[in-house]
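The structure appears below as structure tokens.
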Amino acid sequence: MIGRCHDFRFCVFHGRHRGGGGFDEDEDAYLVPSDWEDDDDDEDWNAGGTSGRRARDLQKNLTASRGAKGAAASSSGKGKTASKQQQKQQQRAGAANTDDDDDDDEDGNDSMLMNLKDCRDMQLKPQHTDRPIWVLPDGHIYLEASSPYYHQAYDFLVAIAEPVSRPEFVHEYKLTPYSLYAAVAVSIDTDSIVKVLNRLSKTPVPDSVETFIRACTVSYGKAKLVLKHNKHYIESPFPEVLRELLKNPTVSQARLGEEEEEEVAPPPKTGGTNKTAAAGGAAASGAGSAATAAAAAAGGARGGGGGARGGAAGDGFTLTDAPQEMDVNLEYKELAREGDGDDADPDVMMGTQPGGALKNVAFRVKNSEVEHVKKAANDMEYPLMEEYDFRNDTLNPPLKIDLKANTRIRAYQEKSLSKMFGNGRARSGIIVLPCGAGKTLTGVTAASTIKKSCLVLCTSGVSVLQWKYQFQLWTDIAEKDISCFTSDIKEAINEEAGVLITTYSMISFAGQRSEIAKKIIDTITKREWGFMLLDEVHVVPARMFRKVLSVCNAHCKLGLTATLVREDDLISDLNFLIGPKLYEANWMDLTQSGYLANVQCVEAWCPMTAEFYSEYLKPGVTARQKQLLYIMNPNKFRTCEYLVRTHMERNDKVIIFGDNVFSLKKFATILQIPFIYGATPESERSRILGTFRVNPLVNCIGLSKVGDTSIDIPEANVIIQISSHFGSRRQEAQRLGRILRPKSNVDGGFNAFFYTLVSTDTSEMYYSSKRQQYLVDQGYTFKVVTDLANASDRSQSKLPDRKSELRVLQETLMAKTDQEEKDEKKMLDRDMDDIGEGSARGTVMRRKGNLGALSGADGSRYMEYDSRPPPKKHPLFKSRYVKM
DNA sequence: CATTGTGCAA
DNA sequence: CACCTTGCACAATG
């Protein structure tokens, strides 16, 4: 039996005993008062008439109904109910600068305003004041956070809808096909969704929404992607579904006969590398060869374009029956049983199926095409389920790993894992937890539940070490069973089963590999991984990093991240690359529970000084120079200075973040504080961090974007941002995450501070509001202060007068990029070579050149350069050069 | 083993 | 409405 401390796994087992239903996902979990009348007359929805394809059109209609922006927004001024006014106010409060500009409610933010128009004629139901949510015809849902039934409704809504924005009083959610897939994936059936939604809603659920829900959920779970002997199969008890999928060219082209080799065949190195031959090895190989034989026949048939195998696979399509031998796995029986018991759904797909005897049919797809197939299937609204029945997997050797007896996991971690293991199997997906909320422990717990070979992917070498450390901290895994693989650590993998921790770039690296690396990569790609853990999963959609998913084969994938956002549009790719978002913690809930520090966010407005602003406005000033000017704005510096001084007096630990290295250096130098950036060697870094941690006299350090990731400073409780990477919401959230570690002085008030210094009337204002969006959606509010620069006493400042300001301005205008400096150096070296003798490389010549360059005769310098063949074709340099 | 170069991500 | 620098990982070099 399981130790009573492992509540989570306790739950998993019980979940299974209860017949595969999610253990806290059934309708009963969303209890509402029984005297609420159920006014949903489950009208019979005719599945036959509506195929899943309709969902997309419905979605279009839904969005179209949102209508023209401006008119709706202005006409919505007198929303009918008090709570809608409240919503609006709240929404506006979320945006930092609402006073003068009404137009800056952008993107998703305006939906609430528009929707007010749409629901004028909605009828309120009895007990509507008790019911916590509004369901609008466009699929948006609003939840009153003050409702006594908030928690029930919250649990339900996060399961079926995407959180859009969760400020203090009213939360906005949105129904999307993906969110509904995820809901069905965690075992909430369609009728329950509609029923509970209706019960919670103040107004009857609009027909459009119900239709949308049904259309989205009807085809979910009909087809499945499974991994067998390192080959991928699309499998379904419904031949019709497979036929449908095969109509898609992407899918049909990805199809592969059982015995066919993929073109990208690995080097012929078959000599016993496949180590699946464990305890059940004999049985496995027997089944394997039988399967191959059976499929070979099928493949032949397909080649001939002729006879269908199996009665169900007619219609000109030749389906490869799943060989009987493959059905030995319980997984299949359970699938069949589920389909059998699926009472509420007399599915059109099953029309020809003999009720009790569901047999799975399957066809193989190329491993290299899995990504595209999944995307295509998603687009067709037959999202492929990926579930791993790890308890009944006898093919892959088990891994000896258990949580230590004293390991405890928190309620929300357990909850997130319950979404993953809800029906006793492991489903692929993404868990979103804020920084410092224990993502690693969540991942480790998942790995020790599955107990199969586990591949962990991280973004950097240091986090590889951290993961290994955490595995050893929380579990009893043997030293021989866990290994790291980075450019400088190459540990041997356990042949049987083990945990391997590596980086994305290690796997996706395209260039020449060292011999030892080649060997390890080979074993990684050959192995059938039980579990793949993707740390910082928001990086995975990147062109190179997503390759890891086609290179490594895993039964189940779990992505972890704190910030599921990107500034490009690739984030939604994760839906088919990994799976649905299984759980997203609410930052404010965790703050209230004391798991996170209570952060006061402040945006400090710093007016530009006259000289800096006139430079800023000059025509022909490059974007980079403009950026430098608003960062180096003396009022910003003095604001920073003032904040540092103030927090020093409180004995706080302050981090100054600067994305731009030049300005960071300048600030740090003038303030006389240590700073770390990319070029700071490791020894120096740990020395500075060490003193910052322990020395009460060193309470302030500067960090470049090295601090955004991979530097952990639990002691810090104040952040001052002096410069940032444009509108990166991820950076903003990640920086805030640095001070989220709960602080000891919890007295209900703010115990951490997050300042962003913004030069007014510059593009920095725009970026700043963009950056804050993610945090605003998590419920943070930004307080705007305007007078800090003047509040500071000039005489105490290191930049007290106009003369010193002008000096800074001068330096700012002369600031060179690293690239420019390198080029200068190169050019100098070249000049030296031209002059001839190496001995002339003396100080005199070098100095002269340097001074000349610094004096700013840029144009001529580059012109001269032009007459020579370009020494290097760095694209960045090229464009700059062309400009001049 | 410290540095350098390349390529990538954001 | 895009902005383009900075940091990192990896392998190869002297």
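The structure presented is a predicted model; accordingly, all values stated were derived computationally and were not measured. By convention in this document, chain letters (A, B, ...) are assigned in the order of the sequence lines, proteins followed by strands, and residues within each chain are numbered from 1.
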Which of these nucleotides, [options], is closest to any side-chain atom of [X]?
{"X": "R543(A)", "options": "dC3(C), dC8(B), dC1(C)", "value": "dC8(B)"}
{"X": "Y767(A)", "options": "dC3(C), dA11(C), dA9(B)", "value": "dC3(C)"}
{"X": "M544(A)", "options": "dT5(C), dC8(B), dC3(C)", "value": "dC8(B)"}
{"X": "S704(A)", "options": "dA12(C), dG7(C), dA10(B)", "value": "dG7(C)"}
{"X": "Y677(A)", "options": "dC8(B), dG7(C), dA11(C)", "value": "dG7(C)"}
{"X": "F726(A)", "options": "dC3(C), dA9(C), dG7(C)", "value": "dC3(C)"}
{"X": "T503(A)", "options": "dG7(C), dA2(C), dC10(C)", "value": "dC10(C)"}

Base, sugar-phosphate, or nothing: which does [X] touch, judged by heavy atoms less than 4.0 Å apart?
{"X": "D659(A)", "answer": "sugar-phosphate"}
{"X": "S460(A)", "answer": "sugar-phosphate"}
{"X": "G461(A)", "answer": "sugar-phosphate"}
{"X": "F509(A)", "answer": "sugar-phosphate"}
{"X": "R685(A)", "answer": "sugar-phosphate"}
{"X": "K547(A)", "answer": "nothing"}

Classify the side chain of Y504(A) versus the base of dA9(B) as yes if they form a donor-acceptor pair under 3.5 Å and no if they do not.
-> no

Do you see a donor-acceptor pair shorter than 3.5 Å between the side chains of Q731(A) and D708(A)?
->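 Short answer, yes.
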
Rounded off to whole Å, could you give me the [atom1]-to-[atom2] distance for the [X] and [N] pair?
{"X": "F485(A)", "N": "dA9(C)", "atom1": "CZ", "atom2": "P", "value": "14 Å"}
{"X": "Q731(A)", "N": "dA10(B)", "atom1": "CD", "atom2": "P", "value": "13 Å"}
{"X": "K490(A)", "N": "dA9(C)", "atom1": "NZ", "atom2": "P", "value": "13 Å"}
{"X": "I520(A)", "N": "dA11(C)", "atom1": "CD1", "atom2": "C1'", "value": "15 Å"}
{"X": "Q625(A)", "N": "dC4(C)", "atom1": "CD", "atom2": "P", "value": "11 Å"}
{"X": "R730(A)", "N": "dG7(C)", "atom1": "CZ", "atom2": "C1'", "value": "12 Å"}
{"X": "L703(A)", "N": "dC8(C)", "atom1": "CG", "atom2": "P", "value": "11 Å"}
{"X": "I516(A)", "N": "dA12(C)", "atom1": "CD1", "atom2": "P", "value": "14 Å"}

If you draw the axis of the six-membered ring of Y178(A), does the NZ or CZ of K581(A) fall within 45° of it and under 6.0 Å from the ring centre?
-> no

Near DNA chain C, which residues from residues 565-573 of chain A have a heavy atom under 4.0 Å away?
->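 The answer is none.
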
M544(A) and Y504(A): side chain to side chain contact (heavy atoms under 4.5 Å, CB included), yes or no, with the steps?
-> CA-CA 9 Å; M544(A) 284 296 150; Y504(A) 290 104; over 6 Å; no

Residues E732(A) and R729(A) bridged, charged N to O under 4.0 Å | no

Does the distance from a Lys or Arg side-chain N to an Asp or Glu carboxylate O, for K374(A) and E371(A), drop under 4.0 Å?
-> no

Return yes if some donor-acceptor pair links the side-chain N/O of N633(A) with the main-chain N/O of P607(A) below 3.5 Å, else return no.
-> yes

Does a side-chain N or O from S505(A) land closer than 4.0 Å to OP1 or OP2 of dA9(C), or not?
->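 No, S505(A) has no side-chain N/O under 4.0 Å of OP1/OP2 on dA9(C).
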
Nearest heavy-atom approach of S759(A) to E764(A) is N-OE1, 2.8 Å

For residues 453-461 of chain A, dump all side-chain donor-acceptor pairs below 3.5 Å to protein atoms at least two apart in sequence or in another chain.
{"from": "S453(A)", "atom 1": "OG", "to": "G498(A)", "atom 2": "N", "distance (Å)": "3.2"}
{"from": "S453(A)", "atom 1": "OG", "to": "R527(A)", "atom 2": "NH1", "distance (Å)": "3.0"}
{"from": "S460(A)", "atom 1": "OG", "to": "S463(A)", "atom 2": "N", "distance (Å)": "3.4"}

